[in-house]
J.: 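The structure's right below; bear with me while I get my questions together.
Quick note: residue numbers are just sequence positions, from 1.
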Amino acid sequence: MEARQQGLLETQPLQEVDEDVVAALSNSVSDEEREEMQVELDKLEEEISTLRQVLTAKEKHHAELKQKLGVNPLSEFRQNFNKSWHEMQTSTAYKKTQETFSTAGQKASAAFSNVGTAIGRKFGDMRNSSSFKSFEEKVESTVSTLKSKVGVPSNSGGSFEEVLSSTAHASAQDTPASATRLIESSEQQCQNTDSF
């Protein structure tokens with residue numbers, strides 16, 4: 001049973017195992033190798049420090065040159081944007097998308113043209129239908145009735161707007177006479193009231 005537990009579970013904590021591995025590595029490296037590694041580590045740290053100083057100096061020189069050239073963050077952003085825009089427009093994906101949209105636009109334009117033609121044809125068919133002709137006859141008889149009431153001869157022709165205009169004109173002429181009659185009747189009522 002104990003053999004089974006060792007197979008599934010470690011008896012020592014993980015931390016102790018790690019410490020044992022580090023200790024084993026430390027014991028396997030000789031003092032000479034350790035000194036060589038330390039010298040190499042020191043050289044690497046010195047190179048890193050030197051590279052940081054060189055990078056700082058180059059960044060400073062870079063900023064000075066940009067300032068002398070008048071390159072500010074906004075103009076730099078514009079240049080980057082224009083460059084990216086140009087690269088995007090010359091990309092294959094952009095060209096394919098542009099072609100697709102162009103083709104779709106042409107097809108949509110043709111479809112709208114066909115729809116317009118079909119609608120025009122339907123209106124023509126509708127105008128020749130019996131129900132539209134019946135409606136047209138009713139409108140004509142209404143216009144004739146209005147003309148006769150206004151006093152325009154029925155054979156004088158004229159458009160629907162002309163009939164409406166003449167009707168409005170006739171009612172405007174009628175209004176002053178009606179207003180005069182209304183004033184006269186109100187004056188009579190006032191006189192009748194005064195006599196009581």
J.: Through direct or indirect side-chain contacts below 4.5 angstrom among Ile, Leu, Val, Met, Phe, Trp and Tyr, which residues connect to Leu69?
T.: Val71
J.: List for me each residue that meets salt bridge (Lys or Arg N to Asp or Glu O under 4.0 Å) alongside Glu36, sequence neighbours excluded, and say none if there are none.
T.: none
J.: Without swapping roles, check the side chain of Ser84 against the backbone of Asn80 for a donor-acceptor pair under 3.5 Å.
T.: yes
J.: Would you list the pairs meeting side chain to side chain donor-acceptor pair (under 3.5 Å) in which at least one residue belongs to residues 102-115, sequence neighbours left out?
T.: none
J.: Working to the nearest 0.5 angstrom, can you tell me the gap between Ser49 OG and Glu46 CD?
T.: 7.5 Å
J.: With sequence neighbours excluded, what pairs up with Gln89 under the side-chain hydrogen bond (donor to acceptor under 3.5 Å, both in side chains) test?
T.: Trp85
J.: Could you work out, with side-chain hydrogen bond (donor to acceptor under 3.5 Å, both in side chains) as the rule, every residue matching Ser75, not counting sequence neighbours?
T.: Asn72
J.: Considering residues, nucleotides and ligands other than Asn82, do more than 12 of their heavy atoms fall under 6.0 Å from its CG?
T.: yes
J.: Please list, chain by chain and in numerical order, all residues satisfying side-chain contact (heavy atoms from CB on, under 4.5 Å) with Ser91, sequence neighbours excluded.
T.: Ala93, Tyr94
J.: Mind checking side-chain contact (heavy atoms from CB on, under 4.5 Å) for His86 and listing every partner two or more places apart, or none if nothing turns up?
T.: Thr90
J.: Which residues pass the salt bridge (Lys or Arg N to Asp or Glu O under 4.0 Å) test with Glu76, not counting sequence neighbours?
T.: Lys66
J.: With Gln38, which residues qualify under side-chain hydrogen bond (donor to acceptor under 3.5 Å, both in side chains), at least two apart?
T.: Asp42
J.: Could you measure the distance from the OG1 atom of Thr50 to the CG atom of Leu55? Nearest 0.5 Å is fine.
T.: 12.5 Å
J.: Between OG1 of Thr97 and NZ of Lys95, what distance do you get to the nearest 0.5 Å?
T.: 12.0 Å
J.: Under the rule for side-chain contact (heavy atoms from CB on, under 4.5 Å), what residues qualify as partners of Glu64, not counting sequence neighbours?
T.: Lys60, His61
J.: Just jot down the side-chain contact (heavy atoms from CB on, under 4.5 Å) partners of Ile119, sequence neighbours excluded, or say none.
T.: Val115, Phe123
J.: In terms of heavy-atom contacts, does CD of Gln67 have more than 12 from other residues, nucleotides or ligands at under 6.0 Å?
T.: no
J.: Please go through Leu41's hydrophobic cluster and name the other residues, only I, L, V, M, F, W, Y counting, with side-chain heavy atoms under 4.5 Å joining them.
T.: none
